[in-house]
Amino acid sequence: GREYRQETLERFEASQERYAALIPYAEVPGKQVAGEAQIPRNAVQHRAYRSGTGALIWLLYTRADLGALVSQLQAKAHEPMLSDLRFLNQVIREAHDSRQYCLRHEAFPKGAKLCIKVCPDAAYNARDTTTKHKSQIGFVITKLELRNMGDSGGWIYPIDVFTDAYSLY
């Protein structure tokens, strides 16, 4: 699902444009009804929700801009309601409409000071053992160009994004 385009020896792009265009919408009733946030989905809709959310998680490799929205979806994956299915379709629409977005990797300036930074995050709301919820855990690993405080610019390159649903207890 990823495509790479080399522009120069110092620059390339990573894209998932074709993959994003193929993510299917979840089927939901055409007309929104009052109280949808409390209406459970059926088994087919739940499968579509998990599948759509999983496809968007894969898309995060090149589309970190969708990360917060996908995190909201993942938080409801254990028991999405009809309103959550509509929100899933909104996020899929955003992925379709902006499918041309990509990551551009450029060479660091010669002599740049570099470091690796790992940013972990997890949802700990699943520590309640009375539920079947699974926590969401994720890491973003980046390579950074270090600059003095006050300097504008500097490059930050994502090296990898790891998200998965695991129980933390």
Side-chain angles (χ1 to χ4, degrees), residues 1-28 45-78 80 84-124 126 134-168:
R2 290 186 290 242
E3 301 168 17
Y4 298 94
R5 293 183 290 272
Q6 181 104 24
E7 295 179 11
T8 68
L9 288 176
E10 295 83 24
R11 180 186 302 157
F12 75 91
E13 292 180 347
S15 171
Q16 291 176 289
E17 184 173 352
R18 283 191 262 183
Y19 176 80
L22 296 174
I23 298 173
Y25 292 101
E27 289 188 33
V28 292
Q45 291 167 330
H46 194 181
R47 240 184 334 274
Y49 187 89
R50 287 192 319 263
S51 178
T53 302
L56 290 166
I57 288 171
W58 178 252
L59 190 60
L60 290 178
Y61 182 79
T62 60
R63 295 294 308 278
D65 60 301
L66 297 175
L69 298 172
V70 174
S71 182
Q72 290 175 31
L73 292 169
Q74 184 64 22
K76 302 287 185 109
H78 64 284
D84 301 317
L85 284 163
R86 290 192 196 284
F87 181 61
L88 168 66
N89 283 343
Q90 289 175 357
V91 178
I92 291 171
R93 166 64 65 199
E94 173 63 24
H96 287 177
D97 290 348
S98 58
R99 65 184 172 269
Q100 75 281 5
Y101 290 5
C102 64
L103 285 181
R104 174 172 277 181
H105 298 269
E106 297 188 23
F108 287 104
K110 189 172 184 169
K113 296 177 185 176
L114 306 176
C115 73
I116 300 289
K117 182 175 182 179
V118 178
C119 301
D121 191 17
Y124 291 104
K134 300 289 183 186
S135 289
Q136 178 186 0
I137 187 167
F139 299 95
V140 175
I141 304 167
T142 59
K143 183 166 54 171
L144 306 171
E145 176 187 0
L146 297 176
R147 292 202 173 186
N148 295 326
M149 290 297 283
D151 281 355
S152 62
W155 297 106
I156 300 175
Y157 293 120
I159 296 173
D160 204 356
V161 175
F162 170 77
T163 61
D164 212 338
Y166 287 105
S167 174
L168 296 179

Report the distance from atom [atom1] of [X] to atom [atom2] of [Y], rounding to the nearest 0.5 Å.
X	Y	atom1	atom2	answer
Arg2	Tyr61	CZ	OH	4.5 Å
Phe12	Cys102	CZ	SG	10.5 Å
Gln16	Leu22	CD	CG	11.5 Å
Leu66	Ser71	CG	OG	12.0 Å
Leu59	Ile23	CG	CD1	5.0 Å
Gln72	Leu88	CD	CG	12.0 Å

Those residues that, when tested against Tyr25, pass ring pair (Phe, Tyr, Trp, His ring centres under 6.0 Å) (two or more places apart):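 Testing Tyr25 for ring pair (Phe, Tyr, Trp, His ring centres under 6.0 Å), a comparison that skips the adjacent residues, returns His96.
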
Would you confirm whether Tyr101, through its side chain, and Thr62, through its main-chain N or O, come within 3.5 Å as a donor-acceptor pair?
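Not a single qualifying donor-acceptor pair exists.
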
_Please check: side-chain N/O of Ser98 versus main-chain N/O of Glu94, any donor-acceptor pairing under 3.5 Å?_
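Here the side-chain-to-backbone pair exists.
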
Please enumerate all residues that pass salt bridge (charged side-chain N to carboxylate O under 4.0 Å, His left out) together with Arg11, with sequence neighbours excluded.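 By the salt bridge (charged side-chain N to carboxylate O under 4.0 Å, His left out) rule, Arg11 matches Glu7, Glu106.
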
Who are the side chain to side chain contact (heavy atoms under 4.5 Å, CB included) partners of [X], not counting sequence neighbours?
X	result
Val91	Leu56, Leu69, Leu73, Phe87
Glu17	Ser15, Arg99, Gln100
Glu3	Arg5, Arg18
Ala48	Ala26

Taking all non-hydrogen atoms of both residues, which atom of Tyr49 and which atom of Ala77 are closest, and how far apart?
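It is CE2-CA, 3.7 Å.
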
| task | Among residues two or more places apart or on two chains, list those pairs meeting salt bridge (Lys or Arg N to Asp or Glu O under 4.0 Å) that have a residue in residues 48-75. | result |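 Checked against salt bridge (Lys or Arg N to Asp or Glu O under 4.0 Å) - neighbours excluded - the pairs reaching residues 48-75 are Arg63-Asp65.
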
Q: Output all residues satisfying side chain to side chain donor-acceptor pair (under 3.5 Å) with Thr53, sequence neighbours left out; order by chain, then residue number.
A: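 By the side chain to side chain donor-acceptor pair (under 3.5 Å) rule, Thr53 matches no residue at all.
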
